Amino acid sequence: MFAQQLINALSLGSVYALFALGFTLIFGVLGVINLAHGAVFMVGAYAALQAVVLAELPIWAALVIAFIISGLVGLAIDILVLSPLRKRDAPHLIPMIATIGVAIMLNSAAQGLFGADTLRFPPGVVPDGSIEAGGLHITAVEIGIIALTIVIMVVLLLGLRRTSIGKALRAVAESPRAAALLGIDVEGLFRKTSFVAAALGGVAGVLISLYANAVYPLMGQPMLHKGIAVIILGGMGDIRGALIGGLFLGFAEVFAVAYIGSTMRDAVAFGLLFLILLVRPTGLFGKANERKA
Amino acid sequence: MRFMRSAIVALAVTTGAVSSQAAEIKVGVAAALSGLAAQYGAAIRNGFELAADEINAAGGINGDTIKLVVEDEQGRKEEAINVFKKLIFQDKVLVVFGPTLSNSASAAHPIAQASRTPVFGTSNTADGITAVGNYVFRNSVTEADVLPDTLKKIVEKEGVKKVGVLYGNDDVFTKSSYDNFVKALKDQGIAVTTTETFAKGDVDFKAQLTKIKATEPDAIVLSALLAEGGPILVQARQLGINLPIIGGNGINSPKIFELAKGASDNLWVGSPWSVSSDTDVNRNFITAYERKFGSKPDQFAAQAFDALNIVAAALKTVELSGDIAKDRIALRDALPDVTWTGATGPFKFKQAQDRSGKPAGYDADQKPIVSVTKDGVYEIVN
Amino acid sequence: MLELTSISKSFGGLKVLDDVNLTVPQGSIFGLIGPNGAGKTTVFNLITGLIPPTSGTITFDGADLAGLPPHRITRLGIARTFQNIRIFKEMSLLENVLVGRHRHIDYGVISMLFSLPDYRAQEAAARTRAYELLDWVGLGGKAHEIADTLSYGEQRRLEIARALATEPHLLLLDEPVAGMNPAEKTELMKAVRAINERGYTVFLIEHDMRFVMGLCEQVAVLNFGRIITCDKPEAVRNNPDVIEAYLGRDDDANTRERA
Amino acid sequence: MDAFLLWFDEFWAVYSNLVLTLGINALLALSIWLTLACGVLALANAAFMGIGAYAGALATLNYDSPFALSIGVAMVAPSLVALAIGLPVLRLGGVYLAMATLGFGEVVRVVILNTESITGGALGLNGIPQYTQWWHVLLALVIVIFVLARLHRSKTGRAFEAIKVDETAASLMGVDLRANKLLAFVLGAAIAGLAGALNAHLTFFIGPQEYGFDRGVEILTMAILGGVTSIIGPIIGAVFLTLLPELLRGLADFRLIVNGFILVAVVLFLPNGLWDPARFRRWFGSGR
């Protein structure tokens with residue numbers, strides 16, 4: 001059982017990390033707690049579902065479509081909502097509230113368009129069933145999620161380290177004002193980040209709905225709660241933190257179920273979160289002195 | 001005012017034909033059309049609309065037509081209260097159906113009781129719903145009524161001796177049925193190997209399922225709604241758990257074949273309604289529903305459909321005075337004696353009791369059908 | 001009255017202060033000078049309890065300040081201003097100074113809720129004192145304006161009035177004339193002297209040599225975290241080490257970034 | 001006059017619950033405003049409301065306590081919890097504090113779910129007597145506004161504001177940061193508990209789902225949307241956010257979309273919230 005639980009924890013942790021990536025990216029660069037990330041995640045899932053069901057596209061094409069559509073939604077949110085708020089230097093809670101409004105709009109629009117029913121991807125878009133080895137079971141989707149999480153993470157980390165856009169991003173994350181003085185196109189970077197973060201959210205939406213076999217308008221809300229826990233655990237705005245935090249939460253939940261009792265799962269997960277914050281007030285990877293809010 | 005009303009009534013009586021076209025019986029429906037419970041609310045609204053259409057097409061009730069006033073209560077108790085007050089005091093409906101969730105019902109039903117308006121739950125399975133008072137009715141069968149039969153059947157057919165239990169512990173619907181499962185399991189001397197829980201919105205159930213699998217039960221008892229029930233079936237099969245799964249009302253829906261395609265076999269469900277129940281009424285209901293809404297109905301739709309028919313049957317025995325307060329009381333008095341054969345089979349009410357054991361509202365008294373899924377259909381177990 | 005004994009402070013591996021010993025005598029105007037980055041503000045931050053020293057002790061009127069939170073140190077009678085002005089911008093001048101009166105106002109919840117005589121008397125007294133302090137720094141006429149609207153020099157003076165409102169025995173001024181024009185500087189010099197004459201001990205950090213030399217009775221020089229000398233102004237001025245410390249790098253007081 | 005009375009009777013029959021909910025939500029908005037006014041971004045108010053609601057309802061149900069006593073219990077219980085978690089939690093800064101307090105809310109929810117014998121778990125508490133009358137809510141609101149307004153004008157209010165603007169400077173003015181933040185946190189918890197008890201004794205039923213993340217965010221939204229510069233703002237915000245869905249009821253399926261849109265529009269076009277004295281001064285040209 002232990003080995004199977006280890007696999008379960010790894011895939012659940014990857015699911016959380018995948019969701020948290022875009023979430024933490026927005027916070028790290030734009031300094032906004034984007035409560036519409038769950039809705040963008042849902043948009044990605046529906047976009048891919050439509051692509052698969054209506055246009056009968058293969059799943060990789062659907063992923064690309066989800067990537068683009070969610071990315072565009074993210075871009076629209078930035079242009080229409082976040083950017084005007086940035087221009088007038090609104091305190092950081094204000095954009096958060098605006099994103100609540102955006103989330104309500106997207107969620108109810110999805111319900112209007114597609115109905116409230118739980119839908120799923122047709123069977124066979126990804127290999128069904130599970131691979132069995134020595135009594136252990138793992139599915140193709142799980143392998144895909146774990147692999148993709150690691151790939152995205154590595155790409156992002158290398159990208160941030162090595163490329164000029166990465167360096168610019170880090171400068172912006174440190175201080176947007178100073179970055180602007182250095183001649184960095186801060187607004188442009190914010191746009192790109194919004195696109196990429198939302199696009200990643202959309203891809204996460206597709207993969208997680210393949211994993212859970214469920215697509216419904218409010219599917220992003222429960223993930224949002226977990227995502228918040230993940231990025232606090234990892235240290236807000238930190239890419240590695242999203243991975244570590246996600247895995248941490250996944251392992252905490254799975255092993256709480258396995259060895260403590262499933263009724264205590266959330267209590268254990270959030271209790272740990274609470275404790276970690278008390279010991280390390282800015283999360284596992286958080287900087288000692290956070291950017292002044 | 002009083003004079004005016006009786007004058008109108010008198011006029012209506014004398015000009016019979018005209019009045020029968022003009023008169024409308026307003027019926028309130030409070031359903032969760034947005035929020036997390038929206039998929040149940042939508043099915044419920046469909047069930048009512050279908051029933052209203054059919055009743056009106058067949059000449060209405062003694063010539064009067066039924067007019068549905070549907071309001072969204074969002075699955076939240078404050079909204080349910082607001083909607084109930086609007087329906088009862090502003091729209092002056094004769095009877096209120098709903099709300100969708102038991103939580104909201106606990107908050108909203110007392111308002112109907114206090115204003116002497118019959119209230120009829122079609123999806124509220126929690127204990128104590130009908131303890132509020134004698135104006136509270138429901139045709140949603142509680143698991144307490146159907147589970148013993150389901151368990152008996154599966155013990156008889158599959159020789160189940162010990163089960164693992166999995167339920168949603170943060171939801172009234174699933175928690176209530178879990179409580180009833182526990183009681184029925186105990187009564188029938190079936191051992192429980194382990195009890196695991198999940199929460200609404202979870203995407204991963206493998207940790208719990210792995211643990212259950214390790215305890216080697218003969219079957220899994222599952223109390224879940226569709227959104228989680230579907231994924232649970234799939235993930236169980238992915239983990240190589242091919243045991244029978246005993247479900248509650250919450251997953252008694254043809255949608256399970258879609259949500260758990262390829263993994264939906266061997267799910268045992270007991271309920272008065274089954275999509276495979278081959279009575280004329282049910283067949284007609286399913287056909288009409290599919291024609292109107294383009295999808296197969298579920299239990300929530302069936303119960304809503306029957307509920308309006310039950311009320312219509314009661315109304316046929318009542319002479320409406322036009323005085324809403326009197327008519328509400330008259331309807332209440334007529335309802336308990338209604339018997340009806342609907343999509344959910346033969347139906348009658350039984351009196352429920354409040355906490356102190358005094359008679360209160362009315363619960364459904366129905367026989368469950370036990371069915372098991374195989375190749376995308378529910379097969380009735382005899 | 002204030003004594004720093006072998007104070008050291010490191011941030012990470014970087015030693016910012018190294019074995020600093022200082023004694024500020026009661027009733028004096030004491031100056032601490034040094035080039036940029038010498039660690040002057042760190043000295044103030046240590047005294048006021050914002051950060052703890054790595055080693056060494058600070059005593060004030062014989063009391064050890066170790067481990068005391070800032071507000072307790074303030075209550076012992078130390079007040080300060082900041083190099084980068086930190087007034088409460090959204091509040092009026094009067095309110096700013098009244099915050100400084102915080103610990104001197106003492107009424108019960110009941111008095112506060114129902115505006116009982118005790119409450120009214122204390123609030124009135126606090127206001128009277130606040131107006132008086134604003135007058136001292138020449139801002140009496142602007143008591144009800146929002147602090148954000150003040151000029152730079154005025155904001156510095158408001159900060160001094162606010163600090164005085166805590167009724168300190170020792171007033172710490174962190175670069176009080178930074179960014180001021182000569183006229184403002186002269187005015188502030190007068191104000192500081194007047195404050196000192198009222199019995200307050202003043203300890204100031206400054207970059208502007210002329211200001212310090214004209215005002216202080218004793219001047220300490222900090223360079224690279226160490227005190228090179230502590231003496232009368234003339235002696236300091238002629239100290240070769242000091243000259244080197246200052247000439248070693250240009251006097252950058254004017255090119256420094258303001259914020 | 002008779003016509004008015006008749007109209008009022010009907011209005012009250014339909015909307016009494018809505019009106020009382022307005023008052024209760026205003027209390028909640030004020031409870032978070034108090035901590036925000038002290039620069040403390042704590043989002044535990046939904047949890048405190050829940051603790052108050054359960055404590056009050058349990059006192060009424062299990063001990064037949066008089067309403068006043070139940071209310072008292074409902075205010076004291078969350079205050080004690082706030083006192084206990086306040087010291088460690090208030091060390092956290094900004095967003096981390098916000099998130100930790102949201103996490104605390106989850107812990108409270110899980111505890112309620114797992115203490116079934118006392119709290120009824122997921123099934124909640126049923127059949128709570130409907131004690132809350134309109135004047136209870138009005139009285140509570142008047143008292144809370146009075147206390148907060150007085151507090152705001154006192155030395156404590158000035159200390160709160162100073163902390164909000166600049167913690168360090170405030171502490172160097174002799175303001176005890178921990179004590180003042182804790183005071184705001186505990187008082188806020190008491191007010192939230194009061195609102196919880198009033199709500200519980202109005203709606204017959206309480207369940208653990210009502211006091212989670214969504215409610216926490218909703219309370220915050222009411223305060224921010226209304227504007228936090230004065231005590232009026234949160235009240236306006238609560239009224240606005242509670243009424244909006246009801247006013248939009250006629251839009252049926254589009255209701256929530258419009259609701260979300262209005263929320264975004266208010267944030268975009270009214271920077272300091274609905275109630276912004278500075279804007280009013282600009283608009284009406286007076287002021288200094």
Side-chain angles (χ1 to χ4, degrees), chain C residues 44-45 47-51 69-82 84-92 94-107 109-115 119 122-123 126 142 144-149 159 162-163 165-168 172, chain D residues 36-39 79 87 90-91 142-184 186-187 190 227-230 233 271-272 276-279 281-282 286-288:
Chain C
F44 273 16
N45 288 347
I47 297 171
T48 51
L50 293 180
I51 48 175
H71 68 273
R72 294 279 302 279
I73 292 173
T74 304
R75 288 173 190 198
L76 287 175
I78 300 179
R80 75 174 281 189
T81 65
F82 296 88
N84 49 338
I85 303 171
R86 296 178 84 159
I87 52 168
F88 306 123
K89 291 188 174 178
E90 296 156 26
M91 299 164 81
S92 72
L94 180 67
E95 285 171 328
N96 263 279
V97 180
L98 284 175
V99 173
R101 301 293 308 163
H102 187 78
R103 72 168 175 124
H104 301 286
I105 307 176
D106 181 27
Y107 41 70
V109 178
I110 304 293
S111 292
M112 181 267 287
L113 283 181
F114 301 105
S115 195
Y119 165 85
Q122 295 219 27
E123 283 282 315
K142 297 188 166 190
H144 294 282
E145 287 185 20
I146 299 296
D148 205 21
T149 60
E159 233 192 349
R162 192 182 64 175
T166 66
E167 305 298 341
L172 310 178
Chain D
L36 288 174
C38 185
S79 307
L87 279 179
L90 291 174
R91 292 188 316 145
V142 166
I143 291 176
V144 166
I145 292 174
F146 172 75
V147 170
L148 293 189
R150 292 299 307 173
L151 194 73
H152 197 49
R153 292 178 57 85
S154 75
K155 66 174 232 176
T156 310
R158 287 190 297 266
F160 282 6
E161 197 170 349
I163 293 173
K164 180 173 130 188
V165 180
D166 188 335
E167 277 193 15
T168 309
S171 73
L172 290 169
M173 293 298 111
V175 173
D176 186 341
L177 295 182
R178 284 213 301 184
N180 278 284
K181 285 178 172 183
L182 198 60
L183 176 68
V186 170
L187 266 183
V228 289
T229 45
S230 77
N272 292 321
D276 177 8
R279 169 159 38 90
R281 270 200 297 277
R282 268 199 313 281
S286 71
R288 281 178 289 262

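Being a predicted model, the structure only gives us computed values, none of them experimental. Note on naming: letters A, B, ... go to the chains in the order of the sequence lines (proteins, then strands), and numbering restarts at 1 for each one.
- Heavy atoms of Thr81(C) lying under 4.5 Å from chain D are absent altogether.
- In terms of heavy atoms, Gly174(D) sits closest to His102(C) at O-CD2, 3.9 Å.
- At a 4.5 Å heavy-atom cutoff, the contact between Thr166(C) and chain D is made by side-chain atoms alone.
- Results of the side-chain contact (heavy atoms from CB on, under 4.5 Å) test with Met173(D) over Arg162(C), His71(C), Arg103(C) single out Arg162(C) as the only residue that passes.
- Phe88(C) CZ to Arg158(D) CZ: the interatomic distance, rounded to the nearest 0.5 Å, is 11.5 Å.
- Between atom CG of residue Asn45(C) and atom OG1 of residue Thr168(D) there is a gap of 9.0 Å, rounded to the nearest 0.5 Å.
- Nearest approach of Met112(C) to Ser154(D), heavy atoms of both residues: CG-CB, 3.5 Å.
- Contact between Lys155(D) and Glu123(C) at its shortest, heavy atoms only, is N-OE2, 4.1 Å.
- Summarising the geometry of Ala169(D) relative to Arg86(C), their closest heavy-atom pair is CB-O, 3.6 Å, with the distance given to 0.1 Å.
- Ranking Met91(C), Gln122(C), Arg80(C) against chain D, the residue ahead of the rest is Met91(C), based on heavy-atom pairs under 4.5 Å.
- Annotation for Leu50(C) and Leu172(D): closest pair CD1-CD1, 4.0 Å, computed over non-hydrogen atoms.
- Nearest heavy-atom pair, Leu113(C) versus Arg150(D), reported as atom, atom and distance to 0.1 Å: O-NE, 3.2 Å.
- Ala170(D) touches chain C through backbone and side chain together, each having a heavy atom under 4.5 Å away.
- For the options Gly100(C), Ala126(C), Ala165(C), Pro168(C), heavy-atom pairs under 4.5 Å to chain D are most numerous at Gly100(C).
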